[in-house]
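Below is one structure, written out as structure tokens; the observations come after it.
These numbers come from a predicted model, not from an experiment.
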2 protein chains.
Amino acid sequence: MTRICRKSRMPHPTCPLSDCMAVIGGAWTPNIIWNLSSGPRRFSELRAVIPLVSAKMLTQRLRELEDRGILIRTVLQGSPPTVEYALTELGQEFMPVIRAISEVGQRLKDRAAALG
Amino acid sequence: MTRICRKSRMPHPTCPLSDCMAVIGGAWTPNIIWNLSSGPRRFSELRAVIPLVSAKMLTQRLRELEDRGILIRTVLQGSPPTVEYALTELGQEFMPVIRAISEVGQRLKDRAAALG
DNA sequence: CAGAATCCTGTTGGATACTG
DNA sequence: CAGTATCCAACAGGATTCTG
């Protein structure tokens, strides 16, 4: 599988750009936030819509986002157990960025199609 | 130095989100684009405004962005030689994202300040 | 000035197997 | 279902040194 995106370490003094990138810069993170924007999703649902993400990475990213207060994790009693993830109010703050990323990505695709 | 942002590998089928993140996800990349948005900058100017970036990384990112057509590199004759980097028209397409990232980052900062 | 080259370390993240 | 644990290869990126 081709590496499409690289990750970034930003040993950098705090600034708005890196503050935000620190949150959304993780692998799969924009995708996770995007998919939660339309409502709560279960772990397996997220795995399904972000097909190639491993359980390990998805767990890792979800935990990070939870620690940062971007989303909340709710365990629903039952057997088998289900767990729901939902964006917090803070998490919603990132939607303008995610939307902008998506729009520009789409525009790049259109542009590439037009050129070639 | 604290790691403020992580980097991401996204072994992922192409989608608008990862297409765009593939470009801006690299370390320092948002900062580079941001600093070029107000006009061409020389190598040393970029190093100055992105203080902690090493020459190696700055070079690497600039080359990547050049290869992707995001910016153009111009060698200005003279001694000592100077090199100018400028956003291309394609590069300008990323400004909405960079701006959104900056705005949200700022809002996060304000929010944190308000919460104490 | 604007890099290139080399060395070297920490981190990332996939694969696989196991669990309550 | 929703993870956890372990192993490991690949890569990122800092420090340092050298150059046209």
Side-chain angles (χ1 to χ4, degrees), chain A residues 1-13 18 21-22 25-32 35-36 40-67 71-86, chain B residues 1-13 18 21-22 24-29 31-32 35-36 40-67 71-86:
Chain A
M1 178 53 62
T2 327
R3 313 280 180 187
I4 298 182
C5 181
R6 257 142 291 96
K7 215 169 147 199
S8 6
R9 282 162 216 173
M10 294 199 178
H12 199 62
S18 43
M21 287 302 289
W28 316 108
T29 309
N31 246 294
I32 293 171
N35 281 292
L36 290 182
R41 293 282 180 272
R42 289 183 297 119
F43 188 83
S44 55
E45 289 178 317
L46 288 174
R47 287 207 69 181
V49 293
I50 312 176
L52 291 177
V53 74
S54 63
K56 177 188 171 184
M57 289 317 303
L58 184 54
T59 303
Q60 200 172 101
R61 286 287 109 79
L62 288 171
R63 291 281 181 273
E64 283 180 16
L65 293 173
E66 189 188 2
D67 290 346
L71 53 80
I72 42 167
R73 177 176 178 271
T74 313
V75 179
L76 305 172
Q77 294 304 356
S79 179
T82 60
V83 179
E84 246 186 23
Y85 294 90
Chain B
M1 175 55 64
T2 329
R3 312 281 179 187
I4 297 183
C5 180
R6 261 144 289 94
K7 214 168 148 201
S8 8
R9 281 162 217 177
M10 295 197 177
H12 198 59
S18 42
M21 286 302 288
I24 64 161
W28 315 109
T29 309
N31 246 294
I32 292 171
N35 281 292
L36 290 182
R41 294 283 180 269
R42 289 183 297 118
F43 187 83
S44 55
E45 288 178 319
L46 288 173
R47 286 207 69 181
V49 292
I50 313 177
L52 291 177
V53 74
S54 63
K56 178 188 171 182
M57 289 318 302
L58 183 54
T59 302
Q60 199 170 103
R61 286 286 108 79
L62 289 171
R63 291 283 180 270
E64 283 179 16
L65 292 173
E66 190 188 2
D67 290 345
L71 54 79
I72 42 167
R73 177 176 179 271
T74 312
V75 179
L76 305 171
Q77 295 302 358
S79 178
T82 61
V83 180
E84 246 186 23
Y85 295 90

(message) I need the CZ-P distance between B:Arg73 and C:dA2, as an integer number of Å.
(response) 10 Å

(message) For B:Pro81, give me all partners under side chain to side chain contact (heavy atoms under 4.5 Å, CB included), at least two apart in sequence or on another chain.
(response) none

(message) Whole angstroms only, please: what is the CZ-C1' distance between A:Arg63 and D:dA2?
(response) 9 Å

(request) Could you tell me whether the side chain of A:Arg61 and the main chain of A:Ile32 form a donor-acceptor pair under 3.5 Å? (result) no

(message) Do A:Gln60 and A:Arg63 have side chains that approach each other closer than 4.5 Å (heavy atoms only, starting at C-beta)?
(response) no

(message) Based on the rotation axes of five pairs at each end, what angle does the helix from C:dC1-D:dG20 to C:dG20-D:dC1 bend through, to 10°?
(response) 60°

(request) Select one nucleotide: of D:dG3, C:dG14, C:dA2, the one nearest the side-chain heavy atoms of A:Trp28. (result) C:dG14

(request) Would you kindly give the CD-to-C1' distance between B:Gln60 and C:dG3, to the nearest whole Å? (result) 13 Å

(message) I'd like to compare against my own output: the B/S/- annotation of nucleotides 15-20 of chain D with a strict under-4.0 Å heavy-atom distance to protein.
(response) B----B

(request) State which of D:dG13, D:dT4, C:dA2 makes the closest approach to the side chain of A:Ala55. (result) D:dT4

(message) For a quick test of reading the model: is some side-chain N or O of A:Arg61 closer than 4.0 Å to OP1 or OP2 of C:dG13?
(response) yes

(message) What contact category does A:Arg42 fall into here, base, sugar-phosphate, or nothing, at under 4.0 angstrom with non-hydrogen atoms?
(response) sugar-phosphate

(request) Rounded to the nearest angstrom, tell me the gap between atom CD in A:Gln77 and atom P in D:dC1. (result) 18 Å

(message) Quick check for you: among D:dG14, C:dA2, C:dG3, whose closest atom lies nearest to any side-chain atom of B:Met57?
(response) D:dG14

(request) Using whole Å, report how far CG of A:Leu58 lies from C1' of C:dG14. (result) 14 Å

(request) Starting at CG of B:Leu36, measure out to CD1 of B:Ile72 and round the result to the nearest 0.5 Å. (result) 10.5 Å

(message) Does a side-chain N or O of A:Thr82 approach OP1 or OP2 of D:dC1 to a distance below 4.0 Å, or not?
(response) no

(request) Identify the heavy atoms of B:Gly25 and A:Met21 that sit nearest to each other, and give their distance. (result) CA-CE, 4.3 Å

(message) Expressed as a whole number of angstroms, how long is the span from A:Ile32:CD1 to C:dG13:C1'?
(response) 13 Å

(message) Determine whether a donor-acceptor pair (N or O, by modelled atom type, separation under 3.5 Å) exists between the side chain of A:Ser54 and the backbone of A:Met57.
(response) yes

(message) Given B:Glu84, which partner from the list B:Val75, B:Leu71, B:Leu76 fulfils the side chain to side chain contact (heavy atoms under 4.5 Å, CB included) test?
(response) B:Leu76

(message) When you measure from the side-chain N and O atoms of A:Thr59 to the phosphate of D:dG3, is any distance below 4.0 Å, counting only OP1 and OP2?
(response) no

(message) Without decimals, in angstroms, what is the distance between B:Glu64 CD and D:dC11 P?
(response) 13 Å

(message) Restricting to side-chain hydrogen bond (donor to acceptor under 3.5 Å, both in side chains), what partner residues turn up for A:Arg73, sequence neighbours left out?
(response) A:Tyr85

(request) Please report, rounded to the nearest Å, how far the C1' atom of C:dA2 is from the CZ atom of B:Phe43. (result) 6 Å

(message) Any heavy-atom pair between the side chains of A:Trp28 and A:Ile50 that's under 4.5 Å?
(response) yes

Sequence neighbours left out, cut at 3.5 Å: what donor-acceptor pairs do the side chains of residues 42-49 of chain A make with other protein atoms?
residue: A:Glu45; atom: OE1; partner: A:Arg42; partner atom: N; Å: 2.7
residue: A:Arg47; atom: NH2; partner: A:Val53; partner atom: O; Å: 3.3

